[in-house]
Every structure is written in C-alpha cells, then in structure tokens.
Visitor: 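This is the structure I want to talk about, given as structure tokens.
Just so it is clear, the structure is predicted and the values come from calculations on it, not from any experiment.
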Amino acid sequence: MSSLPISSDPSEQPTPLGVLGQVFGYSDFRGPQQAIVEHVIAGGDALVLMPTGGGKSLCYQIPAIARQNAGHGVTIVISPLIALMHDQVGALTEAGVSAAFLNSTQTFEESSALEKQLLANKLTLLYAAPERINTPRMRSLLASLHERGLLSLFAIDEAHCVSQWGHDFRPEYRSLSLLHETFPDVPRMALTATADALTRQDMIERLKLEDARLFLSSFDRPNIRYTIVEKTDATRQLLRFIQTEHHGEAGIVYCQSRKRVEEIAGMLEDAGIKAMAYHAGLDARLRQQRQDRFLREDGCVMVATIAFGMGIDKPDVRFVAHLDMPKNIEGYYQETGRAGRDGLPADAWMVYGLQDVVNQRRMIDTSEVASEEFKQVMRGKLDALLTLAEGTRCRRVSLLGYFGEPSSPCGNCDNCLSPPAVWDATEAARKMLSCIYRVQQASGISFGAGHIMDILRGKPTEKVVQYGHDQLSTFGIGAGLAEPQWRGVLRQLIASNLVRVNTEAFNTLQLMPDARQVLKGEVSVLLRQQAASSQAERTRRGSKSTVKTSVKGMAEATLNAGALERLGRLKAWRTDVAREHNLPPFVIFHDATLRAIAGQAPHNLQDLSGISGMGVKKLAAYGAEVLRVCAEAS
C-alpha cells in the first residue's frame with residue numbers, strides 16, 4: 001500500500017495537494033499538473049504533452065496513489081526502458097509508495113511473487129514494458145485484477161513511440177490499443193515530451209484516445225541555450241566546447257555511428273575527461289554498467305548513439321552535444337531536453353555541415369521498407385530541421401514554432417546573443433544554380449557538390465577536363481569565394497528548397513522548381529554570413545561565462561561558509577546512502593533539497609518538515625541522520 005491510509009470515508013481521503021506534500025514533499029503543483037491530476041483521479045482519459053523536466057511522472061503517480069487509497073487498485077505504468085523502471089520504482093519506494101516492475105531481468109519466481117502481491121492489492125504502481133503487456137500471461141493477470149475491481153489506471157509513458165511519424169517508433173506500442181478494447185471502463189493516460197501535430201493525431205488514433213482531454217504544456221525550456229555552429233573540425237570543436245565551457249560537468253554527446261562513438265569517447269578520455277561509449281553493439285551488461293556510472297557519478301560524459309537517453313532522469317546534465325545532425329526536430333528536441341532537468345542553465349550545442357544533410361537524405365531516400373508517403377513526411381521533417389540550423393532568427397522561436405507555439409526572441413541562443421550577419425547572396429546563388437543547370441545541360445547527367453564547386457572556382461581537375469566542363473560559361477565565375485563559402489551557400493540553398501541532393505543517384509545536385517525564379521532575377525536571396533569564429537565565438541564565450549558562474553557558483557552565491565560545509569557533508573552522506581540502496585544520488589534527495597537544508601541549518605525534525613522534497617517517509621527515514629550530519633558540520 002502507499003504511505004497514505006485508506007479510508008472508506010471520502011472526506012478523509014487526502015487531496016491531490018495533500019499527496020503532493022505528504023509523499024513527495026512539494027508545496028505547489030507546477031503548470032497544468034493539478035488540472036491533469038484532478039481530471040485523472042476523477043476517472044478521465046488524458047493525453048499529456050509536457051517537456052522533459054516538467055513533472056510528467058507526478059501526473060500519473062499522484063492519481064495512482066489517490067485512486068489506490070480510494071480502493072480502485074493498482075496503476076499499470078507502461079514504460080519502454082528497464083533502467084527507467086528501476087529508478088522510478090526506487091524513487092517511489094524511497095517516498096513510501098509501494099511500487100514494483102515486471103521485466104525480463106526477473107526470475108519466474110520473482111515474477112510470480114509480484115503477481116501474488118498484485119492480486120492481494122498490495123501494490124500502488126506496477127511498471128511493465130509494452131512487450132510484457134501483450135503476453136497471454138499478463139493479459140490474464142490484468143483480467144483477474146479487473147474482475148476484482150483492482151485495475152485503477154493505465155499510464156502509457158513515452159507515448160510518441162506508438163506513431164510511425166514520431167522520432168522513436170516502436171511497433172510493440174501498437175498493441176496497446178487492446179487496453180481500450182479489453183478494459184473500456186479503466187481510465188488511460190498517455191504522456192510524452194515531444195510530438196508535433198501529425199504525431200499527436202497518430203497517437204490519438206492508435207491508442208484510441210479520441211475522447212481523452214488534451215493537456216498541452218509549453219514546449220519552452222528557457223534554461224537551455226541553443227547553439228548550432230558550422231562543422232569544420234568536429235572533434236576539435238567538441239573538445240574546446242567541453243574544456244572551456246563544461247569542464248568537470250556531466251554531459252551527453254550524440255554521434256550517428258557506433259564507430260564514431262568509440263572514437264570520440266577515446267579522444268575525450270585521452271584529454272582527461274571522464275567519458276564512456278554507449279551504443280547497441282555493446283554487451284547489455286556493459287551498457288548497464290556505463291549507464292549506472294553516468295547516473296551515479298558526477299562529471300561523466302556519455303558519448304552515444306540515440307540508443308541512449310530515453311528516460312534518463314539525471315537532473316544535472318549540463319550539456320547535450322550533437323556531432324551529427326538528428327533526423328528531425330522532434331529527435332533534436334527530445335535529445336537536447338535531457339540537459340538541465342534541474343532548471344539550471346544548460347547547453348544544447350550542435351555542429352553540422354553539408355555531409356550531414358546528404359547522409360540524412362540518403363537514409364530517407366534509400367529505405368527499402370518505407371512507403372513513399374512516409375519518405376515524403378520524413379523529408380519535410382528534415383527540411384524543418386535544416387531551416388532551424390540555417391536560420392537567422394531566434395532558435396527558440398523557430399523551435400517552438402515547429403510545435404505550433406508562438407513565442408518571442410529569447411535573448412539566450414546563439415542567434416540572439418550574436419546575431420549572424422546576413423548578406424545579399426543573390427548573385428552567388430544564381431552562379432551556383434546556373435552552374436548546376438549548365439552542367440546537366442551539357443552532359444545530360446547531374447554531378448555532385450565537389451565537382452560543381454571545382455567548376456565554379458575554375459579548378460581544371462581531371463574530371464572537369466574529361467567532361468569538358470572547363471569550357472562552360474560558368475567555369476571560374478565563382479573564383480571570388482573560397483570552397484567553405486560555397487559549401488555554406490549550397491547548404492542554405494538546399495535548406496531553402498532551391499537545390500535537392502539526389503541520394504539515389506550518387507548524391508548529385510538537382511534544381512528544384514523555385515530555382516527558376518532566382519535564375520530569372522525575380523527574387524533575391526539573403527543568406528547568413530558564414531562566421532569566421534572570432535567575434536561571434538568571443539561574444540558567446542563572454543556571455544557564457546556569466547551562465548557558468550550561475551551554475552557552478554549557485555551554492556556560493558546563496559550559502560555562507562558554514563552552509564557550504566554542511567552542503568559538502570550532506571552530499572557525501574547522500575552518496576553513501578545511494579550506494580547502499582543501489583540508486584542514483586538524486587533519487588535520495590535532489591541537490592536543491594540539500595542546498596535548502598544546508599542553508600536553513602535545521603536543529604529538529606520540525607525545521608526539516610517544510611523543506612521542498614522532504615516528504616513524510618523521507619523525513620522519518622532520514623531526518624535524524626540529516627540533523628546529525630548538519631550538526632557535525634557546525
């Protein structure tokens with residue numbers, strides 16, 4: 001049972017706010033949490049879109065506790081990740097809530113024992129993977145619970161996984177429609193941090209949530225600074241970024257290939273950074289060990305493919321870096337959202353270049369299983385990400401606009417802090433487009449970017465001479481621009497849908513219909529000036545140093561010397577407790593709770609009871625020890 005007593009008298013049932021305070025130690029709900037909680041407690045279906053770090057878990061945990069206390073039985077939480085199940089169950093247990101998980105790590109005897117607990121109404125929440133939900137044994141168990149009136153709520157976490165249009169489609173989620181078909185009277189809620197309008201509609205249809213109430217929170221994460229820079233030497237750029245802006249801090253670096261992951265992790269280790277590689281090619285036990293280390297140790301950097309990240313609750317990830325461009329904005333938003341879950345300043349940093357565009361186009365175009373409709377949607381999503389990367393307006397305005405949320409310039413992204421220069425590239429664009437056209441007209445075939453730029457710059461390479469392209473009128477007309485500048489022009493022409501990379505024909509360049517207007521001089525082309533590092537980088541570093549102080553100096557700015565000593569001792573004590581319980585330290589207490597304790601210098605349990613994050617069970621379990629640690633530091 002949960003820590004709150006069950007009573008047959010409705011007037012004695014704790015309010016949602018009471019559960020929030022008694023169990024989790026918080027005095028107020030955030031944003032739409034209270035409305036969601038009250039709606040679900042009353043038995044309503046819900047579709048919840050809330051950004052990472054916005055408090056989605058409480059939106060089903062509090063209804064689970066309240067409904068179980070009212071005699072409705074267990075809440076089934078469907079989650080795709082074993083690690084997430086383990087940490088959430090651990091956190092709930094620490095808060096005094098009876099919770100468990102069923103997954104492939106358990107023996108038959110352990111699973112059977114849990115099933116008996118369920119049927120005896122001794123669990124408030126049970127976590128299970130979607131694959132488990134669809135097994136005959138689990139279906140039978142759910143049916144037995146339902147017959148006894150002990151099936152309270154279904155909470156489907158990471159619900160975007162049900163949609164083929166989403167960034168993390170998992171076919172096993174499709175089977176979850178059976179919940180509505182088999183148990184139509186049991187309320188359901190689906191939760192996700194990321195879904196555009198198309199994905200949202202697909203979620204509603206696939207999960208049969210047409211009658212569910214939609215709760216759409218702001219997608220804004222104001223504490224995250226978005227920066228996208230041109231890729232020159234990605235390895236060197238990443239190392240400089242970490243060493244100068246996030247030395248000794250936790251972060252995640254995303255790469256597209258397993259080989260690249262291993263290379264970057266090795267490079268960072270050689271540079272003295274605590275880095276680890278994570279990808280699907282590693283042994284499952286090794287992946288788990290590395291994930292545990294990332295969650296439990298301070299200052300670790302995880303270099304990974306997208307196989308890593310979903311459900312990672314570590315609050316103090318200070319940066320997420322992309323060395324390769326994601327597939328779409330949803331993926332980018334989901335991955336960058338793993339930074340700064342504690343609300344303190346964090347960085348979302350990405351380098352990208354022309355080859356990233358080509359690689360992503362190729363993966364879409366050469367898919368042998370995707371339909372043409374699916375490919376077209378994915379191309380549109382990639383185009384939106386290119387527009388974000390190449391755009392000159394506020395990154396946050398562009399990002400939120402993709403999800404249909406209006407906003408104003410944030411003053412905290414690279415484009416706001418160091419507005420990119422814009423130049424009239426009409427003439428350069430016409431030269432590039434004309435060259436592509438002349439080459440195809442002369443040879444009857446298309447050529448790739450390198451060849452086109454050799455012609456523009458007047459380089460008589462063997463290939464240029466072989467095809468007679470040194471005789472074209474466009475040969476040498478672009479000698480005034482260096483190759484990196486031409487690559488920038490081409491990249492932005494692709495982002496503007498004036499040029500297409502045909503990945504099914506050796507990455508050759510083809511003109512799009514809108515290019516005709518540019519060639520005719522009917523429209524002008526304004527492009528962002530390719531930054532040469534200097535001033536823009538200095539501006540960014542100067543403003544960033546202020547943010548660094550606000551993060552690393554947070555305690556120093558608000559705590560005196562005695563409080564700082566208490567904080568240090570409390571963190572050391574928390575580490576020992578977390579190790580003993582086999583949990584990440586933040587599951588025991590968040591940093592913010594420890595800072596509040598250190599600042600208050602409590603002398604008795606009453607002093608501790610009002611501190612945010614100090615619930616009833618934690619006060620009983622740890623209160624005396626916390627007071628002892630504080631007293632020793634005084």
Side-chain angles (χ1 to χ4, degrees), residues 51-54 81 83-84 158 167-168 193-194 219-229 231 234-235 237-256 260-261 264-265 268 273-279 290-291 293-295 297-352 356 385 388-389 395-396 398-400 402 410 412-414 540 544 547-548 551-552 586:
T52 301
L81 295 172
L84 178 62
E158 307 293 354
H167 60 281
D168 198 17
T194 317
F219 285 91
D220 191 15
R221 295 286 307 283
N223 62 310
I224 296 179
R225 171 171 296 174
Y226 298 96
T227 301
I228 303 175
V229 299
K231 184 183 292 186
T235 301
Q237 289 171 288
L238 174 69
L239 184 59
R240 183 173 64 238
F241 167 71
I242 295 176
Q243 289 179 331
T244 60
E245 301 187 18
H246 291 287
H247 178 69
E249 295 181 330
I252 303 172
V253 179
Y254 283 110
C255 303
Q256 195 172 87
R260 185 71 167 148
V261 164
I264 295 299
L268 293 179
I273 296 169
K274 287 198 298 184
M276 298 170 287
Y278 186 105
H279 55 73
R290 291 181 175 178
Q291 179 165 301
R293 183 185 171 199
F294 178 76
L295 291 173
E297 287 188 27
D298 291 332
C300 287
V301 175
M302 186 69 86
V303 185
T305 61
I306 58 171
F308 176 80
M310 184 186 291
I312 295 300
D313 288 339
K314 186 176 175 67
D316 62 344
V317 175
R318 297 270 63 87
F319 70 90
V320 171
H322 284 88
L323 289 196
D324 298 299
M325 192 169 65
K327 295 178 181 178
N328 49 51
I329 286 183
E330 292 98 317
Y332 174 75
Y333 179 83
Q334 181 87 359
E335 289 152 21
T336 57
R338 289 159 192 151
R341 290 175 60 95
D342 54 9
L344 298 177
D347 268 309
W349 181 87
M350 180 171 76
V351 291
Y352 100 106
D356 290 302
L385 181 58
L388 171 69
R395 304 286 190 194
R396 200 177 310 275
S398 298
L399 188 61
L400 297 179
Y402 178 82
C410 68
N412 189 38
C413 69
D414 57 343
R540 172 178 156 71
K544 179 62 184 177
V547 177
K548 288 286 289 182
V551 178
K552 299 196 76 172
F586 61 82

Visitor: Identify the heavy atoms of L399 and I329 that sit nearest to each other, and give their distance.
Guide: CD1-CG2, 3.6 Å

Visitor: T227 versus C413: any side-chain heavy-atom pair under 4.5 Å?
Guide: no

Visitor: Can you confirm if the aromatic rings of Y402 and F219 lie within a centre distance of less than 6.0 Å?
Guide: no

Visitor: Name the one of Y332, Y254, Y226 that satisfies side chain to side chain contact (heavy atoms under 4.5 Å, CB included) with M350?
Guide: Y332

Visitor: Could you walk me through whether R341 and T52 pass side-chain contact (heavy atoms from CB on, under 4.5 Å), step by step?
Guide: CA-CA 7 Å; R341 290 175 60 95; T52 301; 2.9 Å; yes

Visitor: Looking only at heavy atoms, what is the nearest atom pair of A277 and R290, with distance?
Guide: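 In terms of heavy atoms, the two residues are closest at O-NH1, 2.7 Å.
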
Visitor: For the CG atom of D342 and the CZ atom of F586, what is their distance to the nearest 0.5 Å?
Guide: 11.0 Å

Visitor: Is any side-chain heavy atom of R225 less than 4.5 Å from a side-chain heavy atom of P345?
Guide: no

Visitor: If you take all heavy atoms of N223 and G340, which pair is closest and at what distance?
Guide: ND2-O, 2.9 Å

Visitor: Should L385 and P326 count as side-chain neighbours, where that means a heavy-atom distance under 4.5 Å?
Guide: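 Yes, their side chains come closer than 4.5 Å.
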
Visitor: Where do E335 and I306 come nearest, in terms of heavy atoms and distance?
Guide: OE2-CG2, 3.3 Å

Visitor: Are K314 and D316 ion-paired here, with the side-chain N under 4.0 Å from a carboxylate O?
Guide: yes

Visitor: Are side-chain heavy atoms of W349 and L238 found at a separation under 4.5 Å?
Guide: yes

Visitor: Say you draw a straight line from CD1 of I273 to CD1 of I242; how long is it, rounded to the nearest 0.5 Å?
Guide: 4.5 Å

Visitor: Compare all side-chain heavy atoms of V303 with those of M276 and state whether any distance is below 4.5 angstrom.
Guide: no

Visitor: Does L323 form a side-chain contact (heavy atoms from CB on, under 4.5 Å) with Q237? I'd like the steps, not just the answer.
Guide: CA-CA 9 Å; L323 289 196; Q237 289 171 288; over 6 Å; no

Visitor: Any donor-acceptor pair under 3.5 Å linking the side chain of R221 with the backbone of G337?
Guide: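 Yes; judged by distance alone, with no hydrogens or angles, the pair exists.
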
Visitor: If I compare all heavy atoms of L268 with all of A275, which pair ends up nearest, and what's the gap?
Guide: CB-CB, 3.7 Å

Visitor: Quick one, R293 and K274 - any side-chain contact, counting heavy atoms below 4.5 Å?
Guide: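 Heavy-atom side-chain distance check passes, below 4.5 Å.
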
Visitor: Answer yes or no: is there a side-chain heavy-atom contact under 4.5 Å between D347 and V320?
Guide: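 SC-SC contact between D347 and V320 ruled out.
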
Visitor: Can you tell whether the side chains of K231 and D356 come within less than 4.0 Å, N to carboxylate O?
Guide: yes

Visitor: Nearest 0.5 Å please: distance from the CZ atom of R395 over to the CG atom of N412.
Guide: 13.0 Å

Visitor: Does the ring centre of F294 sit less than 6.0 Å away from the ring centre of Y278?
Guide: no

Visitor: Decide yes or no for H322 and I252: does some side-chain heavy atom of the first lie under 4.5 Å from some side-chain heavy atom of the second?
Guide: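 Result no, sub-4.5 Å side-chain heavy-atom pair not found.
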
Visitor: What distance do L400 atom CG and C410 atom SG have between them, rounded to the nearest 0.5 Å?
Guide: 9.0 Å

Visitor: For the residue pair T194 / Q334, report whether a side-chain donor-acceptor contact shorter than 3.5 Å exists.
Guide: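 Distance-only check passes for Q334 and T194.
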
Visitor: So, for I224 and A348, which heavy atoms are closest and what is the spacing to 0.1 Å?
Guide: CG2-CB, 3.7 Å

